[in-house]
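Reading through the structure tokens given below for one structure.
Labels below follow one simple rule: chain letters A, B, ... track the order of the sequence lines, proteins then strands, and each chain is numbered from 1.
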There are 2 protein chains.
Amino acid sequence: MQRGSFQWMKSLNKSIILNKIRSEGSISRAQIAKETQLTPPTVGTIVKELLEQGLIKESQLGISQGGRKPTLLVLNTSGFHIIGIDAGPSDVQFVISDLSGGKIVDELEKPVEFGIDEENFLQMLVSGVENLIHRNTSLKFIGIGVAMHGVVDSEQGISVFAPNLNLRNMNIKSVLETSFEMVVKVENDAKALALGEAWFQNQTANTSMIAVNVGRGIGAGLVINGKLYSGEHGIAGEVGHMTIDIHGKTCTCGNDGCLQTVASGPAIAEKAMEMIDKGYQTQLTNYNGELTAEMIYLAAVEGDRLAKDLLEEAGTYLGIALTNLIHVCNPSTIIIGGGVSKAGDFILKPIVNTIRKRAISEKAQATPVYVSSLGDYGSALGAVALILSDIFEPMGDRDCPI
Amino acid sequence: MQRGSFQWMKSLNKSIILNKIRSEGSISRAQIAKETQLTPPTVGTIVKELLEQGLIKESQLGISQGGRKPTLLVLNTSGFHIIGIDAGPSDVQFVISDLSGGKIVDELEKPVEFGIDEENFLQMLVSGVENLIHRNTSLKFIGIGVAMHGVVDSEQGISVFAPNLNLRNMNIKSVLETSFEMVVKVENDAKALALGEAWFQNQTANTSMIAVNVGRGIGAGLVINGKLYSGEHGIAGEVGHMTIDIHGKTCTCGNDGCLQTVASGPAIAEKAMEMIDKGYQTQLTNYNGELTAEMIYLAAVEGDRLAKDLLEEAGTYLGIALTNLIHVCNPSTIIIGGGVSKAGDFILKPIVNTIRKRAISEKAQATPVYVSSLGDYGSALGAVALILSDIFEPMGDRDCPI
DNA sequence: TATACTTAGTAAAGTATATTAAGAAAGTTG
DNA sequence: CAACTTTCTTAATATACTTTACTAAGTATA
């Protein structure tokens with residue numbers, strides 16, 4: 001365990017103050033002292049250091065409470081920037097975010113050629129980051145966060161296995177760190193999404209929430225007490241393979257009745273094709289080639305009965321799985337992200353209704369479920385949050401990247 | 001968040017040293033300094049205080065490493081004692097444990113009369129503790145831990161609802177604290193069991209493990225990074241109502257296919273009666289009145305085919321549910337406790353086999369599953385652990401109960 | 001045995017950092 | 001404009017870790 005030392009005590013207080021400024025938006029030294037139990041002189045000296053580091057700045061004067069006007073402190077959001085990478089199966093999104101995460105300064109998207117090998121994939125990541133940096137030479141960068149699909153060893157920063165690309169054991173952290181000499185964090189995309197949601201939305205740090213990424217697969221990230229929870233071997237959150245119907249369809253993993261066999265994008269599309277083959281009337285009938293979940297959503301918008309029913313069914317299954325999650329983890333909030341979440345209310349309503357019906361306590365039934373508000377930037381901003389959460393964490397014995 | 005202060009720094013280091021002594025059994029000052037990164041003088045002064053408080057004591061000299069022999073420090077296990085209460089639906093167990101939790105100094109069991117009301121229940125708890133204290137006047141007690149079945153508000157120390165006794169909103173903490181003037185902690189029994197297992201077995205504090213209590217109901221306690229995790233409303237761990245077969249039997253909660261409908265003690269007994277009614281040959285046939293899971297276990301020991309099959313089936317269902325838990329939480333260890341766990345290998349083997357077969361990664365498949373080694377004292381010692389984990393935690397601004 | 005070397009533990013001085021006390025700055029209010 | 005508030009800073013103080021130096025108690029070797 002981390003021992004208590006002067007250094008550590010100071011870094012802890014520094015982080016408390018920095019987080020206070022971040023979560024409040026703007027706040028005076030005096031107010032920080034009141035709310036954090038720290039004394040005014042302590043706050044003063046630490047604030048001075050943060051100003052010198054350029055992490056915060058003084059903004060205008062606040063309104064007087066009957067005496068001298070307080071000098072409000074705010075995050076110096078444009079003082080440093082972070083690169084976030086969302087490495088999906090078909091394309092890679094690069095973004096530059098400011099310190100608040102609220103402003104995306106620049107972005108870049110690169111397609112991933114099918115059949116790409118490990119070396120070229122890594123090279124593509126490097127050149128993408130190079131591009132962005134060269135386009136924004138005036139900015140100071142403090143780190144690169146990577147949200148990678150598939151199995152990730154986040155401690156080592158290695159992409160262990162990316163199933164859709166069939167790539168294995170890519171040491172992303174090492175490659176980017178040697179190329180750019182800044183902090184690099186790599187995490188599974190669903191986990192990054194979860195952290196991003198916890199970080200950017202739910203400002204209160206001590207929350208426990210779950211973000212579920214519903215796309216080709218179904219993965220979840222657990223944020224417990226404000227921190228990403230990975231489990232013993234880093235595989236916590238594999239909800240796609242949660243059994244909810246032991247007599248159900250066989251999954252790619254070999255088991256029967258995994259959530260993924262009934263609620264993932266491909267599963268919805270497959271079910272649609274089955275129904276069409278059975279002769280159901282629907283405007284989806286004349287699909288050519290592969291039918292996708294997105295096409296089904298579009299049909300639902302246009303009022304297609306089958307499409308709406310299919311989404312409702314998938315939502316109900318998701319609701320059952322989420323109720324299981326609530327019973328096990330009892331999170332304060334659940335966020336739905338990923339491709340299927342674009343179906344909006346078509347999928348959200350049955351989810352919520354199912355939870356209302358099945359959860360065993362009133363409070364559990366009322367667990368709020370939202371669609372991710374970060375939209376297409378969800379995982380990329382989650383990657384940014386990997387770096388941010390590190391900066392805003394007590395440094396302890398680590399050396400500060402700034 | 002807890003601010004960094006001198007007091008806090010010291011209490012943190014004190015707790016680090018105390019835990020080191022506990023987890024190592026016996027260790028010298030010099031060795032503590034090496035392993036904790038603290039300097040020898042710091043260790044020296046803090047050890048002095050711990051000796052004065054009576055929490056630790058010097059034992060014999062260790063073997064020389066080429067110089068002066070080290071003085072070994074050990075926990076002063078008999079210096080203080082803790083009262084643990086396991087309040088089950090049919091009886092209440094009171095124990096006195098020493099500081100190590102390894103020695104039960106005295107114990108007492110009281111039956112719970114059916115139809116007892118709130119006031120009498122609380123009075124019974126008080127008189128039980130009084131009895132134990134009066135029988136052991138020479139001991140110094142530092143706290144009372146209560147493992148209560150049913151829904152518990154552990155922050156307030158209130159038994160919100162005890163279904164089997166139909167008791168509501170009993171403020172156990174308040175009553176015991178005013179009667180005995182010591183720290184009182186109240187927690188759900190499955191959660192207490194989990195903490196006890198983590199505390200007494202798996203010495204390493206940073207572990208994440210799950211203890212599942214399989215009895216009349218099925219509940220679990222999650223220990224994450226050495227701490228009990230309760231979730232947003234304190235209902236985390238309600239695995240009994242995890243849906244694993246959406247087309248299964250209807251549960252008391254109103255949903256279909258809860259784990260509890262196939263793997264709890266009553267569920268196993270009910271299934272046995274069904275099979276008997278269908279005419280299956282078994283030595284269980286001539287049961288009179290109520291058939292219980294325990295009778296089925298005894299029949300299995302004697303080789304009864306049906307009994308063995310029923311336990312195997314329940315184990316398989318439990319295995320599926322535990323695999324779900326592994327996929328979500330990825331714990332380092334799973335512990336099975338409660339009445340059904342007494343069926344030993346009859347239930348453990350199918351559980352382990354199912355996990356081996358269904359989990360999606362090799363490491364997950366290898367998740368160790370044990371039957372609780374604390375036996376009948378599981379929940380009572382878990383209650384003791386509620387107090388112990390508090391003592392061994394950094395005190396921060398709290399005042400030390402010693 | 002005597003000397004040199006190790007390791008364990010302690011005492012004294014030094015240092016980092018929070019806290020207390022006091023003061024300066026910049027307001028508001030009557 | 002005097003008196004009072006509130007904000008922030010400066011100077012002195014207190015706490016608890018660290019560094020340095022030393023004592024205690026052993027082992028190894030000549």
Side-chain angles (χ1 to χ4, degrees), chain A residues 1-17 20-21 24 26-52 56-74 394-397, chain B residues 1-17 20-21 24 26-52 56-74 394-397:
Chain A
M1 215 209 300
Q2 171 69 51
R3 76 184 194 282
S5 62
F6 294 101
Q7 236 190 78
W8 180 82
M9 177 165 64
K10 180 159 197 179
S11 83
L12 174 65
N13 286 338
K14 202 166 181 173
S15 126
I16 288 173
I17 290 175
K20 196 79 206 171
I21 295 171
E24 297 290 326
S26 82
I27 187 171
S28 69
R29 290 169 177 81
Q31 196 61 28
I32 292 173
K34 271 179 209 150
E35 295 186 18
T36 59
Q37 310 252 48
L38 291 163
T39 58
T42 304
V43 174
T45 50
I46 290 180
V47 160
K48 200 181 198 176
E49 280 185 41
L50 288 171
L51 285 167
E52 277 164 11
I56 62 173
K57 61 184 180 189
E58 292 184 329
S59 70
Q60 82 280 43
L61 298 180
I63 51 173
S64 165
Q65 308 289 335
R68 175 174 167 178
K69 287 179 181 168
T71 316
L72 294 181
L73 302 164
V74 295
M395 285 293 154
D397 295 339
Chain B
M1 211 206 307
Q2 171 68 50
R3 75 184 194 283
S5 63
F6 293 98
Q7 235 189 83
W8 167 248
M9 178 164 62
K10 181 155 197 180
S11 83
L12 174 64
N13 287 336
K14 204 167 181 172
S15 126
I16 288 174
I17 290 175
K20 195 81 205 170
I21 295 172
E24 297 290 324
S26 81
I27 187 170
S28 69
R29 292 170 176 82
Q31 195 61 27
I32 292 173
K34 271 179 208 150
E35 294 185 21
T36 60
Q37 310 253 45
L38 292 163
T39 56
T42 303
V43 174
T45 50
I46 291 180
V47 160
K48 200 179 196 177
E49 283 184 39
L50 289 171
L51 285 167
E52 278 165 9
I56 61 172
K57 61 183 179 190
E58 292 185 331
S59 69
Q60 83 279 43
L61 298 180
I63 49 171
S64 165
Q65 308 290 332
R68 175 174 167 178
K69 286 179 181 168
T71 317
L72 295 181
L73 302 164
V74 295
M395 286 291 154
D397 296 339

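One atom, CD of A:Gln31, and another, C1' of D:dT7, lie 12 Å apart when rounded to the nearest Å. When the P atom of D:dT6 is taken as reference, atom CD1 of A:Ile32 falls 19 Å away, rounded to whole Å.
Atom CG of A:Asn13 sits about 7.5 Å away from atom OG1 of A:Thr36, to the nearest 0.5 Å. One finds the CD1 atom of A:Ile17 at 6.0 Å from the CD1 atom of A:Ile32 (value rounded to the nearest 0.5 Å).
Taking a 4.0 Å limit (strictly below) on heavy-atom distances, residues 6-15 of chain A reaches DNA chain C at A:Phe6, A:Gln7, A:Met9, A:Lys10, A:Asn13. For DNA chain C, the residues of residues 39-50 of chain B within the heavy-atom distance limit of 4.0 Å (strictly under) are B:Pro40, B:Pro41, sorted by number. The stretch residues 57-72 of chain B comes close to DNA chain D through B:Ser64, B:Gly66, B:Gly67, B:Arg68, each having a heavy atom under 4.0 Å from the strand.
When DNA chain C is scanned in the 5' to 3' direction for atoms under 4.0 Å from non-hydrogen atoms of chain A, the outermost contacting nucleotides are C:dA16 to C:dT28.
Neither OP1 nor OP2 of D:dT6 sits under 4.0 Å from any side-chain N or O of A:Arg29.
Within the structure, salt bridge (Lys or Arg N to Asp or Glu O under 4.0 Å) pairs that include any residue of residues 5-15 of chain A comprise A:Lys10-A:Glu49, A:Lys14-A:Glu49 (at least two apart or interchain).
Looking only at side-chain heavy atoms (C-beta outward), A:Glu24 and A:Glu35 come within less than 4.5 Å of each other.
For the pair A:Arg29 and A:Glu58, the salt-bridge criterion is met [side-chain N within less than 4.0 Å of a carboxylate O].
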**Message:** The test is side-chain contact (heavy atoms from CB on, under 4.5 Å); show your working for A:Val74 and A:Lys57 and say whether it passes.
**Reply:** CA-CA 6 Å; A:Val74 295; A:Lys57 61 184 180 189; 3.8 Å; yes
**Message:** Using side-chain contact (heavy atoms from CB on, under 4.5 Å), reason through B:Gln2 and A:Leu12 one step at a time and then give a plain yes or no.
**Reply:** CA-CA 9 Å; B:Gln2 171 68 50; A:Leu12 174 65; 5.6 Å; no
Distance-only check: which donor-acceptor pairs under 3.5 Å involve side-chain atoms of residues 61-70 of chain A, not counting sequence neighbours?
from    : atom 1 : to      : atom 2 : distance (Å)
A:Ser64 : OG     : A:Gly66 : N      : 2.9
A:Ser64 : OG     : A:Gly67 : N      : 3.0
A:Ser64 : OG     : A:Gly67 : O      : 2.5

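Across every strand in view, D:dA30 sits in a pair with C:dT1 that passes the Watson-Crick or G-U test at under 3.5 angstrom.
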